[in-house]
Amino acid sequence: MHPRLNISSHWRFVPGAAFGLQQASYLGNFQVAIDKTHDFRALDEAMDRFLVELTPRSFSPSNTAHALACRVAHWVSAVQRQNRIPLSPCYHIRSLGHSKGPWQTFFVALPVHQPKAARAALGWVAEALTTLLPQETFSEATLDRVGERYEQLKRILSPFAMPGQNPVYIHQAAWDLDIPIRHLAGGAFLLGQGRNSRWLRSSISDRTASLGVSIAQDKLTTASVLRQAGLPAPTHALAESPEHACALASKLGYPVVVKPADQEQGRGVFADLRDDHSVVHAFHAAQKHSRRILVEKHFAGDGHRLTVCNGKVIGATRKLPAGVTGDGVHTVEQLVSVDRLKPVKRELYAPQRPVLSVDDEAIGMLAQQGLTPGSIPAPEQYVCLRRRNNASSGGKTIPLSLEQVHPDNLRLAVRAADALRLDIAGLDLLIADISKSWFETGALICEVNAQPQMGPQPVYRVLAELTGMVSRIMVHLVVVTEDRAIPSLSAAIGLAGRMGCDGVSTPEGIWVAGSRLSANQANGFDAARVLLTCRETGAALLFMSMPDVLRFGLPADHLDSVTVVGRKAGAIGPNQAMNELIAMIRPHTDHLHSVPGIGGIEVRRRSGHDTD
């Protein structure tokens, strides 16, 4: 029997938590027909050709239909993640048994950020498997066709991608640290719930000083503030023309740096320039990024990034320009050729590394080091071939432990962030040996970034610092089985008091500490989200109807208790809607109760009027 896969055409978007997922879900069915002895190794290797996240080999070998369904769920999410769409690794698959003939049907809940992106990813995986599943071996032409469709998928997914690397790292860290995360608006995210919530947009928090951010965006202003704080800042001036830039370079003394005054991430930066010709070329190139061009005295030292959060250095790296390491045998040109043949490192969200070449920039850098493309560098001698050390130019980032950084240099970073009143900052420090005090070696703060791009580890530490690892409040949910039945206001507030909750939400409104904060909401899900967003809420009691839960999912991914109330509450078994409700809820709470009525609550019909 040839293996086959059918993916249902009808999928349903659920914006809340459900079936154990940490975010919104996309619900549908897979149908699988496959031999019990099917070997997936060739298929896995073929799909791994296109995906950064390798296919897990831990899927159950005893049930090949289930193993294929799990692979499809993994591939659909993985292809979105590598295109910077934040998805948790969780998914839910449940067998619905055999339908007609050899087909086995599975109910599937996939994590989703944007339904259109999920649908496109499902289409690509389905098309790829239609091509690959019937074959035991795959020709290059077959794999090329799958690759062509993947390139088309990348263009479809592009509008849904997160800008930069910080947002995807923030989502992943939040899920791993069990911190609730939800998009607010304009690229800002809500971390946590109620009084334990924080806002974060990239690496700017709700407590980042806007004035400090404004100052950090201009290198001329930043240097002035740093100097007034007694910190080592650049000596530079604005150049009005190429001729003026050359005059400033002569006044400062070569070598110099030419760079925009208001750009980040190394855009338009040209360092270690040693003649007028190089300055003129750099001035014109920098003008492509900004009208305000600085000429700065060059400082000899290795680039380092020190990341500060809440008055602590939480991460340190050394940054090297792209280059090669000598072995005492091969020439620079040969070492570059070897580097080009190295396989690209599979790393999620990592920027694509540019191809290294012996071009004019490389030849100029070699000349400054007294080398030529034919020179043979000594063993372990690092030869720089680029002026900039940022990732877009192929720069290398070497993680450092904080123990490798001299305490004086750690204090320098903290003082620089504090000088600009920034709670989160990335300090770019030039220093010859970061293990030695800057008082001894000298150093230069070339930039203080108010919105630093961070790797995974600093992001984990930032979230831990912002939340103190206390991000949740107590949340209880009451589900009323009748569509428009709600408890009376007095009964709801009375029950909240007995349960130690100061916040109550129903479709009729939101109350905190006895005060009404909101008018009627469209449904119980929206009302619950409002209460959990409110910073006054210390503990929440949420009321939702069963139809609202089935349609929208849960307003939080963990609930301290869930109580199902109403005439249908005991109808577990033949009642399909009740069974689906329990399946949605059970993974999200350790305390699930189904009772006809609780705590004196009278279930009554909703009048459609305010109940104050």
Side-chain angles (χ1 to χ4, degrees), residues 203-205 207-239 248 251-253 255-272 286 290 292-319 388-390 405-434 436-454:
S203 50
I204 294 179
S205 84
R207 296 178 190 171
T208 301
S210 60
L211 182 56
V213 173
S214 176
I215 289 172
Q217 289 172 344
D218 186 272
K219 294 178 174 61
L220 199 66
T221 309
T222 298
S224 177
V225 171
L226 293 176
R227 279 193 293 271
Q228 293 179 65
L231 303 176
T235 301
H236 51 210
L238 285 171
L248 289 173
K251 181 179 179 180
L252 292 169
V256 296
V257 178
V258 171
K259 62 184 180 183
D262 51 9
Q263 295 295 308
E264 300 174 345
Q265 300 180 25
R267 287 187 291 267
V269 176
F270 297 85
D272 200 13
S290 174
R292 301 177 67 239
I293 307 302
L294 289 172
V295 178
E296 179 177 294
K297 177 63 179 174
H298 178 76
F299 184 91
D302 290 336
H304 296 82
R305 164 61 65 89
L306 300 178
T307 303
V308 178
C309 181
N310 285 352
K312 303 175 187 175
V313 176
I314 61 169
T317 59
R318 183 186 179 199
K319 302 169 72 175
R388 293 180 291 170
N389 60 14
N390 57 312
V405 183
H406 193 281
D408 286 345
N409 301 333
L410 296 176
R411 284 190 288 269
L412 174 63
V414 171
R415 287 188 60 206
D418 184 63
L420 273 69
R421 307 298 191 263
L422 297 173
D423 60 336
I424 303 172
L427 180 85
D428 288 339
L429 181 69
L430 292 174
I431 188 169
D433 186 347
I434 202 164
K436 296 180 180 179
S437 170
W438 72 277
F439 294 115
E440 175 188 348
T441 65
L444 184 75
I445 300 172
C446 55
E447 183 174 354
V448 180
N449 196 320
Q451 187 174 310
Q453 295 298 307
M454 300 179 289

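What you see below is based on every heavy atom in this structure, not just the backbone, and it leaves out hydrogens, waters and symmetry mates. Just so we're clear, the structure is a prediction, and the values are computed from it rather than from any experiment.
With a 4.5 Å cut-off on side-chain heavy atoms, Leu238 and Leu220 count as touching. In this structure the side chain of Lys259 never reaches within 4.5 angstrom of the side chain of Ile293, judged on heavy atoms. The shortest side-chain heavy-atom distance between Val225 and Leu231 does not fall under the 4.5 Å cut-off. Annotation: side chain of Val414 is not in contact with side chain of Lys312 (no heavy-atom distance under 4.5 Å). The shortest distance between side-chain heavy atoms of Thr235 and Leu252 falls below 4.5 Å. Between Val258 and Leu294, the closest side-chain pair of non-hydrogen atoms is not below 4.5 Å. Within the 4.5 Å cutoff, side-chain heavy atoms of Val257 are placed close to those of Val269. Within the 4.5 Å cutoff, no side-chain heavy atoms of Thr222 are placed close to those of Glu447.
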Next on the checklist: Assess the residue pair Glu264 and Asn449 against the criterion (side-chain contact (heavy atoms from CB on, under 4.5 Å)); give the C-alpha distance rounded to whole Å, side-chain angles, the decisive distance to 0.1 Å, and a yes or no.
Outcome noted: CA-CA 8 Å; Glu264 300 174 345; Asn449 196 320; 3.7 Å; yes
Next on the checklist: Quick one, Asp218 with Arg292, criterion side-chain contact (heavy atoms from CB on, under 4.5 Å). Give me CA distance, side-chain angles, the key distance, then yes/no.
Outcome noted: CA-CA 10 Å; Asp218 186 272; Arg292 301 177 67 239; 2.3 Å; yes
Checklist entry - When you look at Asp262 and Lys219, which way does the salt bridge (charged side-chain N to carboxylate O under 4.0 Å, His left out) test go after all the steps? => result CA-CA 6 Å; Asp262 51 9; Lys219 294 178 174 61; over 6 Å; no
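Listed here is the closest heavy atom pair of Val313 and Leu410: CG2-O, 3.6 Å. Residue Ile445 comes nearest to Ala416 through the heavy atom pair CD1-CB, 3.9 Å, listed as atom of the first residue, atom of the second, then distance. Residue Gly212 comes nearest to Leu422 through the heavy atom pair C-CD2, 3.8 Å, listed as atom of the first residue, atom of the second, then distance. Among all heavy-atom pairs drawn from Gly301 and Leu430, the shortest one is O-CD2, 3.7 Å. Between Asp272 and Pro255, the shortest heavy-atom contact is OD1-CB, 3.3 Å. Closest approach of Ala286 to Gly268, counting heavy atoms only: CB-O, 3.6 Å.
Here Asp408 pairs with Arg411 in a salt bridge; the nearest charged N to carboxylate O distance falls below 4.0 Å. Checked for salt-bridge contact, Asp302 and Lys319 miss the test: no charged N lies under 4.0 Å from a carboxylate O.
Under the side chain to side chain donor-acceptor pair (under 3.5 Å) criterion, the residue pairs touching residues 420-429 are Ser205-Asp423, Thr208-Asp423, Arg305-Asp428, with sequence neighbours excluded.
Residue Thr317 holds its OG1 atom at 7.5 Å from CG of Leu306, rounded to the nearest 0.5 Å. Separating the SG atom in Cys446 from the CG atom in Leu427 is a distance of 8.0 Å, to the nearest 0.5 Å. Within the model, atoms NE2 of His298 and CG of Leu444 stand 10.0 Å from one another, a figure rounded to the nearest 0.5 Å. Atom SG of Cys309 and atom CD1 of Ile424 lie 4.5 Å apart (nearest 0.5 Å). Interatomic distance, Ile431 CD1 to Glu440 CD, rounded to the nearest 0.5 Å: 9.0 Å. To the nearest 0.5 Å, the span separating NZ on Lys436 from NE2 on His406 amounts to 10.5 Å.
Within a 6.0 Å radius of NZ in Lys297, more than 12 heavy atoms belonging to other residues, nucleotides or ligands are found.
In terms of modelled atom types and a separation under 3.5 Å, the side chain of Asn409 and the main chain of Ile434 share a donor-acceptor contact. Distance alone, capped at 3.5 Å, is enough to place a donor-acceptor pair between the Arg227 side chain and the Pro234 backbone.
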